[in-house]
Amino acid sequence: MALDEIAFRPRVLRDVARVNAAVELFGRSLRLPVMLAPVGALEIFDPEGAASVARGTGRFGAAHMLSSVSEPGLEKVAEAAPDALRIFQLYVRGDDAFVEDYVSRAIASRYTAFCLTVDTAHYSRRERDIAKRYVRESRLRSTGGEHQKALSWRTVKLIKDKFKIPLIIKGIATTEDAVIALDHGVDGIYVSNHGGRQLDHGRGAMHVLPEVAQAVKGRAKIIVDGGFCRGSDIVKALASGADLVGIGRLQCWALAAAGEAGIERMLELLEDEVIRTLGLLGVTSFAELDGSYLHPATATNAPSVFSAFPLVDIEPYRY
Ligand SMILES: Cc1cc2nc3c(=O)[nH]c(=O)nc-3n(C[C@H](O)[C@H](O)[C@H](O)COP(=O)(O)O)c2cc1C
């Protein structure tokens with residue numbers, strides 16, 4: 001995995017008695033540079049679906065991106081977590097009026113930003129699902145796929161021209177498209193290969209991130225996702241130029257394990273790991289971090305009997 005091909009270059013003998021993992025995003029303060037990535041059909045994992053995720057995330061103080069194909073929908077999730085940093089993500093399954101309706105509703109429900117996912121022009125052939133005879137119920141009801149296929153920069157321009165809400169494009173995988181997005185005034189570039197669930201043989205998002213960060217040069221916020229499971233992974237992303245890390249599948253496991261409380265606990269564990277990693281690198285905040293703390297290498301984290309990091313959180317070891 002791309003994340004495992006990066007090792008740390010820690011600095012020592014610096015006062016790291018106080019470490020703070022907080023960051024700022026779109027004028028809001030976040031306790032951790034983490035966003036719960038958009039996941040469709042969260043109601044599979046918890047009866048209250050995305051509302052549980054938004055509540056747990058809001059209580060902790062991280063960001064939440066709601067998928068347009070997750071229940072209970074845009075307005076109800078806003079009511080569940082009115083004060084959270086909420087972003088709405090749309091799959092375009094209708095004409096311009098469809099898009100404009102969603103943007104207007106997101107603004108009315110005080111979402112901080114709006115996101116278009118653009119790496120799903122064609123739905124991939126998901127062979128694990130085929131082998132398991134798994135068909136998501138919502139996909140049987142899904143219509144409007146032709147609009148997603150025909151999507152172009154014209155819709156990005158339409159939203160930027162008509163609305164003031166910050167716009168994020170999710171699924172950027174090249175410098176070329178990052179530059180076109182910047183030319184359109186896009187506020188957030190979301191580097192993602194959809195967790196490898198769309199185009200097979202794409203590059204890992206952590207391989208793409210450095211070139212995008214170099215092209216963006218602070219002109220837009222950069223979000224990245226793909227396999228982030230540990231605080232050390234999050235630190236690697238921010239040192240590579242990301243502003244925010246999306247958490248997809250880990251969110252599903254936390255939600256399935258313990259609902260809203262599971263989401264909050266997942267974020268607490270990530271925060272604990274981030275603070276220890278920053279301290280061990282010799283920095284007290286993300287502002288002090290840059291690429292000099294990373295080294296391309298094979299820093300495998302495969303489980304090993306010699307490892308000091310078992311894969312479970314063992315309570316007596318917390319200190
Ligand atoms: C079950 C599932 C549903 C997803 N649904 C959406 C979605 O509705 N919209 C979207 O933009 N991305 C969706 N994604 C992609 C995630 O937002 C994310 O890009 C991807 O899972 C990589 O992050 P991860 O490795 O932390 O899971 C989904 C991913 C999963 C696993």
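Both ligands and their constituent atoms are indexed starting at 1 by order of listing. Count residues from 1 along the sequence. Since this is a predicted model, take the numbers as computed values, not measurements.
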- line: heavy-atom search around atom 5 (N) of ligand 1 in the protein gives Gly40 N, 2.9 Å
message: Regarding Arg31 and Glu268, does a basic nitrogen lie under 4.0 Å from an acidic carboxylate oxygen?
response: no
message: Can you tell me which portion of Pro38 lies within the under-4.0 Å heavy-atom range of ligand 1? Options are side chain, backbone, both, or neither.
response: both
query: Where the closest heavy atom to atom 25 (O) of ligand 1 is concerned, which of Ala41, Gly195, Ser192, Gly227 has it?
result: Gly227
message: Residue-level breakdown please: for Val39 versus ligand 1, do any non-hydrogen atoms fall below 4.0 Å on the side chain, on the backbone, on both, or on neither?
response: both
- request: Using distance alone, determine whether Gly248 and ligand 1 share an N or O pair under 3.5 Å.
  value: yes
query: Can you say whether the rings of Tyr111 and Phe88 are parallel (under 30°), tilted (30 to 60°) or perpendicular (over 60°)?
result: perpendicular
task: For His194, take its heavy atoms, then give the atoms of ligand 1 lying under 4.0 Å from any of them.
output: 10 (C), 12 (N), 13 (C), 14 (N), 15 (C), 19 (O), 20 (C)
message: Check this for me - ligand 1, Tyr190, N or O atoms closer than 3.5 angstrom, yes or no?
response: no
message: Give me the atom names and distance for the closest heavy-atom approach of Cys229 to Trp253.
response: SG-CZ3, 4.5 Å
- line: Which of Thr120, Asp225, Asp119 passes side-chain hydrogen bond (donor to acceptor under 3.5 Å, both in side chains) with His194? Answer is Asp119
query: Could Arg11 and Tyr293 be counted as a cation-pi pair, given that NZ or CZ must be under 6.0 Å from the ring centre and within 45° of the axis?
result: no
- prompt: Between Ala37 and ligand 1, is there a nitrogen or oxygen pair with a distance under 3.5 Å?
  reply: no
query: Which is closest to atom 2 (C) of ligand 1 in terms of heavy atoms, Met65, Gln198, Arg197?
result: Arg197
- prompt: Rounded to the nearest 0.5 Å, how far does CG of Leu209 lie from CD1 of Ile189?
  reply: 11.5 Å
task: Determine yes or no for a side-chain-to-main-chain donor-acceptor pair under 3.5 angstrom, with Ser70 supplying the side chain and Ala41 the backbone.
output: yes
message: Below 4.0 Å, non-hydrogen atoms only: which portion of Gln89 touches ligand 1? Side chain, backbone, both or neither.
response: side chain
statement: Thr117 heavy atoms within 4.0 Å reach ligand 1 at atoms 10 (C), 11 (O)
task: Give the numbers and elements of all ligand 1 atoms closer than 4.0 Å to a heavy atom of Val69.
output: 8 (O)
query: Is it true that Asp187 and Lys160 make a salt bridge, defined as a side-chain N closer than 4.0 Å to a carboxylate O?
result: yes
field: Sub-3.5 Å N/O-N/O distance, Ile247 and ligand 1
entry: no
- prompt: What atoms of ligand 1 come within less than 4.0 Å of a heavy atom belonging to Tyr91?
  reply: 6 (C), 7 (C), 8 (O), 9 (N), 10 (C), 11 (O), 12 (N), 13 (C)
